[in-house]
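For reference, the structure discussed in these notes is given below.
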Amino acid sequence: MKSNVVVRTRLLGGFFILIAALLVVRLYFVQIVHGAAYKKEGTAQYIQTNPDTQSRGEIYFTTKDGGLVSAAVSLSGYSIAINPHLLTDPPLAYKGLNAITPIDQNTFMTSAAASTSFVDISDHLSDAQAALVQKLNIPGVIISPDEWREYPGGALAAQVLGFVGYDTGSTTRSGEYGLEKQYDDTLSQSSTGLFVNPFAEIFANMEDIVATDPSAAHGSIVTSIEPNVQHELESTLADIMSQYSPTFDGGIIMDPHTGLIYAMAMDPSYDPNNYGNASDPGVYQNSLVSGRYEMGSIMKPLTMAAGIDSGAISTSTTYDDTGCITVSNAKVCNYDFKPRGVIPVQVILNQSLNVGASWVATQTGYPTFTRYMKAYGLGTKTGIDLPGEVTGNLTNLDDGQGPAVNFDTAAFGQGITVSPIEMIRALSVLANNGQLPNPHVVTAIRYESGITRSVPTTEGPQVLKPSTALTVTNMLRTVYDDYELHGKIKMEHYTAAAKTGTAQIPDPSTGGYIPGQVYLHSFFAYFPATNPRFIVFLYAYKPKGQEYAADTLAMPFYQLAQYLINYYNIPPDR
C-alpha cells in the first residue's frame with residue numbers, strides 16, 4: 001500500500017516538473033526568442049497588415065577571435081501609404097505627416113491626385129512615429145508593418161552577400177545574388193504566425209538539433225568572412241583600379257587546407273543598401289565564381305607538378321629551349337621569342353617560359369597531362385556555397401586525343417578556361433600536401449532557439465604525392481624570392497611560393513586573341529611556404545599602363561601579406 005502511494009507521489013511530482021519545464025521553455029520562446037515579434041504584434045494590432053513582411057535570419061561575419069559581426073540584418077518598422085480617393089484634405093494631411101517624417105511636398109500632392117487606390121508615401125518609420133501618425137486619424141492614410149534589409153558594412157563583401165529584392169514578376173521579396181540567394185530557404189521564415197503550439201515548437205527545435213542538413217531549417221548564417229581582412233582586400237583592389245584602370249579586378253584570400261574563405265571581393269562593387277543605384281547591374285555578379293577566363297602562366301606550376309608527379313621529369317631534368325617551336329602547324333613562343341639553350345626546368349618557372357611548359361606537357365604525355373588537369377578540379381564545379389558557379393572549359397584537351405598544340409598551350413594557361421574559384425582550389429593542392437580543399441563561406445547556422453550548428457565540410461581527394469607538392473613549393477619559393485619584381489618583394493623572415501600570369505584575351509569576333517597589349521593579369525601566392533596559412537589570388541582584366549602581371553599585382557600581394565602577417569601575428573619561418 002505504501003509503495004503505491006510513493007509511486008503515485010513520484011508520478012504526480014514528475015508531472016508537475018514536466019509542466020513547469022514546459023512553462024519555462026515556453027516563457028523562453030515568448031520573452032527571448034519571439035519577444036520583439038510579440039511586441040510588434042501588440043503595437044500593430046490596430047494597423048493594417050502587410051503580407052510582404054516576413055522574418056528573415058541574419059548574416060554574420062566572423063572576426064579572427066571568433067566574434068560575430070552583423071553583415072545583414074532585418075529591421076522592422078512601418079510604412080505610410082495613402083488612398084487618394086479617401087483623402088479629403090491633401091494639404092492638411094501633408095502638413096500633419098511631414099511634421100512626423102520628412103516627405104517631399106510635390107511628390108505627395110502628385111500622389112494625392114493619382115487615380116489608384118494605394119500609393120506609397122514613406123517607409124522605415126519607427127514605432128513612435130507610427131503611433132503619432134495613427135493618432136492623427138487622417139482618412140485615407142494607411143499604416144502598414146514594414147520590414148527591410150540593412151547591410152551595416154555598406155558595400156563590404158557586397159558580391160558575397162547579395163541583397164533582398166523582388167524577382168521579375170513577383171510581388172514578394174527574396175534573396176537575390178550571393179548568400180541571400182544561396183541560403184534564401186534558410187534565411188526566410190516559412191510561417192509568420194507567432195501562436196504556435198508549444199509542444200510543436202519544442203519538437204521543431206529538437207528537429208533542428210538532429211537534422212542531417214543544418215541549413216534545412218530557418219535561422220541565421222555565420223560566415224568565415226573576416227571583416228577587417230575583407231576591408232583590406234577591397235582597399236587593395238581599389239588601389240589597383242586607381243593605378244591601372246582595369247575593366248574590373250578581384251581577389252580571394254583562403255585557407256588552403258580547409259577551404260575557408262576569409263575575403264572575396266570584386267571592383268567595381270555596389271552598396272546593397274541602395275542596390276538600385278548601381279549604374280551597371282553587372283556589378284551584382286560575383287565573377288570570381290561565375291566568370292571563366294584563360295588564366296595564363298599561373299597554370300605553369302600545375303603543369304610542372306603533373307610532370308614531376310608522373311615521373312616524366314625531375315628537378316634535375318634539363319631541356320633545350322629554342323625560343324619558339326612549331327606544333328600542329330602553329331607557332332608557340334616564349335614571351336620574348338628568345339631561346340635560353342640547355343637549361344634546368346627550374347628556369348621554366350623563374351622566367352615563365354611558354355616553350356618550357358609545353359615541353360613538360362609533351363614529356364608527361366597528353367593523356368596523363370589531361371588526367372592531372374581534371375584531377376585538379378579544373379573543368380568542374382568546386383561546390384562553393386555561392387550561386388551562379390560555372391565550370392571551366394577543358395574541351396580543347398579532348399581526353400588527351402586533341403591536336404598537340406591544344407595541350408602545349410594549355411600547359412601555360414591558354415586555350416582552356418577556368419573560374420577564379422576553380423583556379424585557387426587547384427593551386428591550393430601545392431600548399432595542402434597534394435590534397436584538394438573544398439572552398440566554402442558559411443560555417444554555421446544559428447537557429448531562433450539560440451542553438452548553433454556547424455555546417456559540415458568534407459576533404460577533397462589526394463591529387464599529388466606530398467613530396468611533389470613540397471618540390472614545386474620549393475621551386476615557387478625561388479620564383480618569389482629572386483624573380484618576382486627582381487627580388488624587391490622578398491620577405492626577410494617569411495617564405496612565400498608565388499607565380500604571376502599574363503594571359504592573352506580571346507576575341508570572339510575573330511576566334512583568335514585581341515591584338516596589342518590587352519591582357520588578363522593574375523597572381524597567386526601562399527605563405528608562409530613551409531606551413532601555409534593563407535593562399536591569395538588576385539586578377540585584373542585589361543589593366544592599362546603595364547604589360548606584365550608582376551608590375552600590377554606583385555606589390556599589392558606583398559602589402560596584403562604584410563597586413564595578414566601583422567594582423568594574425570604569424571610567426572616567422574626563416
Side-chain angles (χ1 to χ4, degrees), residues 64-65 226 228-240 242-244 249 251-258 260 262-263 297-298 300-301 304-305 315 344-352 424 427-433 466-502 521-540 546 548-574:
K64 66 174 182 177
D65 300 318
E226 212 290 343
N228 294 303
V229 175
Q230 179 74 26
H231 181 270
E232 190 68 20
L233 175 61
E234 293 186 11
S235 296
T236 298
L237 296 177
D239 289 343
I240 295 170
S242 174
Q243 292 183 63
Y244 307 111
D249 59 3
I252 303 170
I253 299 175
M254 188 175 86
D255 183 329
H257 304 295
T258 65
L260 275 177
Y262 294 101
S297 294
I298 60 173
K300 288 172 181 169
M304 186 68 69
T315 53
V345 292
Q346 174 71 52
V347 181
I348 296 172
L349 297 180
N350 293 349
Q351 299 186 28
S352 200
I424 194 172
L427 293 167
S428 293
V429 166
L430 304 173
N432 191 31
N433 298 311
S467 60
T468 300
L470 178 60
T471 296
V472 177
T473 292
N474 289 333
M475 296 175 79
L476 293 175
R477 285 178 58 177
T478 298
V479 172
Y480 182 82
D481 283 350
D482 300 335
Y483 292 91
E484 296 298 356
L485 286 185
H486 309 290
K488 293 179 182 177
I489 57 174
K490 178 180 179 179
M491 294 182 281
E492 182 180 2
H493 299 295
Y494 295 88
T495 61
K499 183 74 184 75
T500 59
T502 302
H521 288 182
S522 59
F523 181 98
F524 88 95
Y526 50 93
F527 68 97
T530 54
N531 184 23
R533 179 75 183 273
F534 299 103
I535 184 168
V536 176
F537 169 87
L538 300 171
Y539 79 139
Q546 293 290 346
Y548 299 114
D551 296 314
T552 59
L553 301 180
M555 185 57 72
F557 162 75
Y558 174 78
Q559 292 165 347
L560 274 174
Q562 293 301 307
Y563 172 83
L564 291 167
I565 287 168
N566 292 326
Y567 185 60
Y568 284 92
N569 196 27
I570 299 174
D573 68 332
R574 70 173 170 191

Note to self: Before you tell me yes or no, could you show the steps for L553 and T500 under side-chain contact (heavy atoms from CB on, under 4.5 Å), namely the whole-Å CA-CA distance, both residues' side-chain angles and the distance that decides it to 0.1 Å?
What the structure shows: CA-CA 8 Å; L553 301 180; T500 59; over 6 Å; no
Side chains of K300 and S352: donor-acceptor distance under 3.5 Å anywhere?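 A donor-acceptor contact under 3.5 Å links the two side chains.
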Could you check whether atom NE2 of H257 has more than 12 heavy atoms from other residues, nucleotides or ligands sitting under 6.0 Å from it?
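More than 12 heavy atoms, drawn from other residues, nucleotides or ligands, come within 6.0 Å of this atom.
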[X] side chain to [Y] main-chain N or O, any donor-acceptor pair under 3.5 Å?
| X | Y | result |
| --- | --- | --- |
| S242 | A238 | no |
| N432 | S428 | no |
| Q346 | T315 | no |
| S297 | T502 | no |

With side chains defined as the heavy atoms from C-beta onward, is the minimum distance between [X] and [Y] less than 4.5 Å?
| X | Y | result |
| --- | --- | --- |
| E232 | Q559 | no |
| L430 | P301 | yes |
| T495 | Y480 | no |
| D255 | R533 | no |
| Y526 | L476 | yes |
| M475 | V345 | yes |

Report task. Give every residue pair that meets the salt bridge (charged side-chain N to carboxylate O under 4.0 Å, His left out) criterion with at least one member in residues 553-570, sequence neighbours excluded. Result ->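 Every pair satisfying salt bridge (charged side-chain N to carboxylate O under 4.0 Å, His left out) with a residue in residues 553-570: there are none.
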- [ ] Keeping to residues at least two apart or across chains, list the salt bridge (charged side-chain N to carboxylate O under 4.0 Å, His left out) pairs with something in residues 551-574.
- [x]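 Salt bridge (charged side-chain N to carboxylate O under 4.0 Å, His left out) check on residues 551-574 returns D481-R574.
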Ring-ring centroid check [X] [Y], cutoff 6.0 Å:
| X | Y | answer |
| --- | --- | --- |
| F527 | Y494 | no |
| F557 | F524 | no |
| Y539 | F523 | no |

*asked:* Show, in sequence, the C-alpha distance, side-chain angles and deciding distance for L538 and L233, and conclude whether the side-chain contact (heavy atoms from CB on, under 4.5 Å) test is met.
replied: CA-CA 10 Å; L538 300 171; L233 175 61; 4.0 Å; yes
About how many Å separate [atom2] of [Y] and [atom1] of [X], when rounded to the nearest 0.5 Å?
| X | Y | atom1 | atom2 | answer |
| --- | --- | --- | --- | --- |
| S467 | N433 | OG | CG | 10.0 Å |
| M555 | I240 | CE | CD1 | 12.0 Å |
| I424 | S522 | CD1 | OG | 12.0 Å |

CA sep, side-chain torsions, deciding dist, call: E226, Q230, side chain to side chain donor-acceptor pair (under 3.5 Å)
CA-CA 6 Å; E226 212 290 343; Q230 179 74 26; over 6 Å; no
Looking only at non-hydrogen atoms, find the nearest pair between [X] and [Y] and report the distance.
| X | Y | result |
| --- | --- | --- |
| A496 | M491 | CB-CE, 3.9 Å |
| D249 | L237 | OD2-O, 2.8 Å |
| P532 | P256 | CB-CG, 4.0 Å |
| P556 | T236 | CB-CG2, 3.7 Å |

Among Q546, H521, Q243, whose side chain to side chain donor-acceptor pair (under 3.5 Å) with T552 holds?
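Only one of Q546, H521, Q243 forms a side chain to side chain donor-acceptor pair (under 3.5 Å) with T552, namely H521.
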Looking at Y567, does the NZ or CZ of K64 lie under 6.0 angstrom from its six-membered ring centre and within 45 degrees of the ring axis?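 Satisfied, under 6.0 Å and within 45°.
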task = List the steps and the verdict of side-chain contact (heavy atoms from CB on, under 4.5 Å) for M254 and F537.
result = CA-CA 9 Å; M254 188 175 86; F537 169 87; over 6 Å; no
Passing option when L560 is tested against V229, V536, I565 for side-chain contact (heavy atoms from CB on, under 4.5 Å):
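It is V536, the one option of V229, V536, I565 that forms the side-chain contact (heavy atoms from CB on, under 4.5 Å) with L560.
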- Task: Decide side-chain contact (heavy atoms from CB on, under 4.5 Å) for F534 and I570; before the verdict, give the C-alpha distance in whole Å, the side-chain angles of both, and the deciding distance to 0.1 Å.
- Result: CA-CA 11 Å; F534 299 103; I570 299 174; 3.7 Å; yes
